[in-house]
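Quick notes on the structure that follows.
All figures in this text were calculated on a predicted structure; none of them were measured in a lab. Here is how names work: the chains are called A, B, and so on, in the same order as the sequence lines, proteins then strands, and each is numbered from 1.
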Amino acid sequence: MLSITSILPLTVEAAAFSGDGKLLVEPNSFTIPAGGLTVLLGPNGAGKSLTLRLCHGLLTPSRGAVRWAAGAEGRAKRHAMVFQKPIMLRRSVEANITHALAAAGANGAERRARAAQALQRFGLAERASQPARLLSGGEQQRLAIARAWALRPELLFLDEPTSQLDPAATRQIEELLSGLVAEGITVMMSTHDLGQARRLADRVLFLHRGRLVEDAPSKDFFAGPHSAEARAFLAGELLW
Amino acid sequence: MTALPRRSLIAAGLFLGLTGIALAQAPAAPSGERFITVASTTSTQDSGLFNHILPLFKAKTGIEVRVISQGTGQALDTARRGDADVVFVHARAQELKFVEEGFSTERRPVMYNDFVLIGPKSDPAGVAGTKDIVAALKKVQEKASPFVSRGDKSGTHAAELNLWKVAGIDIAAQKGPWYREIGQGMGAALNTSGAMGAYVLSDRATWISFKNRGDLVISVEGDQRLFNQYGVMSVNPAKHPHVKVADGKLFADWLTSPEGQKAIADYKIDGQQLFFPNAGQAGA
Amino acid sequence: MDVGAIFQAAFALVVGLDPGFLGIVFLSLRVTLTAVLIAALIGLPLGAALALARFPGRAAIIVCLNALMGLPPVVAGLAVFLLLSRSGPLGPLGLLFTPTAMIIAQVILVLPIVIALTRQVIEDLWSEYRDHLRSVGLEGLRAIPTLLFDGRFALATALLAGFGRASAEVGAVLIVGGNIAGYTRTMTTAITLETSKGDLPLALGLGLVLLSLTLAINAIAFGASRIGARYAG
């Protein structure tokens with residue numbers, strides 16, 4: 001992976017997004033360098049999910065730009081995304097992975113090999129031939145991450161990956177994410193769960209009403225936020 | 001393993017496709033390439049005459065005859081459009097017009113059967129057992145007894161209209177709610193008559209082979225004016241170059257030959273002869 | 001009428017295995033299944049494309065398709081008849097009064113159903129899959145194979161609806177096929193013929209056989225899609 005020119009850092013330059021005539025994401029700027037886990041933190045409706053979608057390219061900024069490092073254009077997409085509610089194709093667990101690999105242009109033998117590897121890595125090998133939609137919620141999210149991992153992304157986006165899971169499953173997913181970071185994959189995830197942010201984040205981007213209010217290393221953010229909004233959020237007050 | 005659902009889908013698709021192709025290729029019947037299309041009337045078809053004579057013709061010539069059975073007017077129109085090679089119908093005046101228009105070069109008489117007036121047993125018009133069809137129709141009109149008309153430009157319909165005219169009744173002007181035009185074939189007209197206790201003019205052949213008689217019986221029969229002549233014409237290639245002239249002529253020749261005439265005479269239901277060959281008869 | 005006579009007629013047809021009767025059954029299945037197959041090959045991709053594409057006039061097309069689902073078979077038959085008649089634009093092909101003509105007419109009847117129901121199925125599936133498929137780079141027409149495959153069980157129902165319409169109709173096949181004995185006579189046109197001959201028990205017996213066939217095909221398709229759906233979740 002290191003032999004190839006990296007797509008990182010990701011540079012977001014005053015990227016704003018409006019829908020239905022309303023400005024939903026203000027022109028925020030930040031960069032995501034290689035390595036570490038960045039948490040997009042903020043109350044519901046702060047624009048976290050939209051920001052992730054802007055970065056991943058599912059949305060086009062109405063102003064500003066999302067840039068990858070020079071040389072990233074024209075090459076296979078090296079970033080992947082996992083959604084809040086796992087989107088499971090009506091196929092077997094394994095076929096969910098091979099399908100994504102096929103879409104990325106891998107040939108048959110490579111698809112099977114990489115899928116087997118991903119299933120092994122995420123403890124789903126025994127479930128390979130089961131229908132994906134009959135897995136439990138936690139297993140489905142695990143499969144969604146395995147599917148994204150099989151695409152060998154440099155940067156992985158996750159949108160509230162545990163918000164619909166029970167504590168045991170949440171814990172499993174969090175461990176997986178730490179493992180991915182240790183493996184060298186850059187992770188950017190959104191959450192509204194303070195505890196989760198404390199446990200996982202190396203860096204926190206705090207969003208409020210579409211505006212990037214704070215961008216700080218996790219330790220500093222939790223030790224003493226600069227903004228009134230972040231202080232209120234940390235204190236458990238209602239923000240909207 | 002992963003490929004299982006996909007592989008089975010491909011297999012299913014292939015199977016479907018191949019079945020489709022096989023089905024599309026397979027002939028419906030072991031028919032040879034050689035066939036002609038004959039536009040004919042419902043009476044010849046519904047009476048079962050074709051089922052009797054066509055296999056004989058095929059055995060002799062190897063030609064399969066595909067019959068479209070319609071009302072006489074419709075059958076003539078089918079031939080006018082060039083969608084049939086031969087017409088075999090029963091409405092002399094319309095047939096002669098067809099020849100006059102140049103759609104055929106020759107009309108040949110083949111056979112006749114006769115019409116009968118069918119009515120309910122209760123006989124509301126009081127015509128049962130009489131022989132004079134004109135007098136009977138006058139009574140039906142006077143008493144406004146229910147009467148079902150084919151109303152479909154068929155040979156039987158034409159014959160019925162002609163009989164009203166002979167009776168001195170302008171049916172278009174004098175018809176009331178008792179006169180029901182259904183615009184359908186002979187069988188449908190008989191079914192309708194049975195259901196509403198109405199009189200109806202039918203060809204004898206269809207009547208004999210009709211199975212849903214209920215309360216219907218023959219009210220009037222035996223009048224010379226009830227004769228029903230069938231003629232055969234092959235379509236003129238000058239109008240429609242694609243028609244199968246030679247094979248069409250073979251069929252018309254056979255129908256009017258002693259062999260064909262005998263086949264027609266031999267067709268019986270319950271011992272009753274339905275059609276009477278008269279190919280040689282002048283003026284028929 | 002005697003109900004026993006109806007069942008007796010149906011029973012005699014089936015047990016007798018009369019070649020003429022078998023020919024009629026085979027032709028009915030052949031015409032209808034071929035029509036559904038062709039309609040599927042055209043309608044599934046078209047319906048899916050219609051579900052994903054956004055263009056001016058799309059709403060009008062959808063409304064028209066929904067209306068065409070109620071197209072009277074006789075009208076479709078008449079249109080094909082005029083087209084294929086020797087005096088019509090496609091007359092030289094000599095297709096009128098052939099099984100091919102019947103297949104064409106039935107494709108016209110089945111196609112709107114397949115397209116309209118496919119659009120509905122694929123649109124629902126797309127709204128569920130959109131984020132993921134776009135994420136892995138399957139957008140627009142490239143998403144169609146995935147959506148058609150994953151919608152296969154719901155789409156089977158759409159094809160069954162088309163099959164139902166085609167196997168039950170008589171108006172179109174009667175006009176363009178001509179009800180030629182042994183060549184274009186199907187179950188439904190045979191029923192029409194036997195009715196006009198006044199042989200109502202035989203007509204209803206034929207109807208009973210047709211109903212049983214349709215029932216069997218639906219049961220098989222339903223069972224297969226249930227088993228498949230359990231497998232795919």
Side-chain angles (χ1 to χ4, degrees), chain A residues 49-50 52-53 55-60 75-93 95-106 111 127 129-136 139-141 143-145 147-153 155-160, chain C residues 40 44-45 47-49 51-55 59 114 117-160 221-233:
Chain A
S49 181
L50 290 176
L52 286 177
R53 279 154 199 266
C55 292
H56 187 47
L58 293 181
L59 295 175
T60 311
R75 289 200 288 113
K77 200 161 154 182
R78 297 186 56 86
H79 50 106
M81 184 152 176
V82 170
F83 300 92
Q84 186 169 6
K85 185 175 182 305
I87 299 169
M88 296 286 108
L89 303 186
R90 287 160 174 75
R91 308 174 184 221
S92 72
V93 166
N96 262 274
I97 299 177
T98 51
H99 174 267
L101 289 168
R111 292 203 285 268
R127 300 252 193 248
S129 59
Q130 292 182 8
R133 293 161 65 84
L134 298 188
L135 298 179
S136 71
E139 286 170 327
Q140 288 195 8
Q141 199 56 289
L143 173 55
I145 293 170
R147 189 168 62 186
W149 181 85
L151 295 170
R152 297 187 181 155
L155 174 54
L156 179 62
F157 298 104
L158 301 103
D159 187 8
E160 303 263 10
Chain C
L44 291 176
L52 301 187
R54 292 291 177 274
F55 54 91
V114 174
L117 295 181
T118 300
R119 180 197 66 83
Q120 191 59 54
V121 167
I122 297 302
E123 211 166 277
D124 292 348
L125 201 56
W126 173 242
S127 74
E128 182 189 331
Y129 280 9
R130 180 173 45 219
D131 281 340
H132 173 64
L133 293 188
R134 292 188 60 213
S135 172
V136 297
L138 296 179
E139 285 200 59
L141 298 184
R142 291 194 60 206
I144 289 179
T146 302
L147 293 168
L148 285 179
F149 182 82
D150 278 41
R152 56 202 180 277
F153 302 113
L155 293 174
T157 311
L159 294 185
L160 273 186
F222 184 77
S225 94
R226 276 292 280 273
I227 291 166
R230 192 172 306 146
Y231 173 78

The salt bridge (Lys or Arg N to Asp or Glu O under 4.0 Å) partners of C:Glu128 (sequence neighbours excluded) come to A:Arg90, A:Arg133
Whatever's closer than 4.5 Å to a heavy atom in chain C on A:Leu151 counts as side chain
C:Ser135 and A:Leu58 have their tightest heavy-atom pair at N-CD2, 3.8 Å
Quiz prompt | Any side-chain heavy-atom pair of C:Asp131 and A:Met81 under 4.5 Å | solution = no
Does a side-chain heavy-atom distance below 4.5 Å link C:Thr146 with A:Arg91?
yes
Separation between CG (C:Leu125) and CG (A:Leu89), nearest 0.5 Å, reads 8.5 Å
CZ of A:Arg127: more than 12 outside heavy atoms within 6.0 angstrom?
no
Here the salt bridge (Lys or Arg N to Asp or Glu O under 4.0 Å) pairs for residues 139-148 of chain C, sequence neighbours left out, are C:Arg134-C:Glu139
Item to check | Within-4.5 Å side-chain heavy-atom neighbours: A:His99 and C:Asp150 | outcome: no
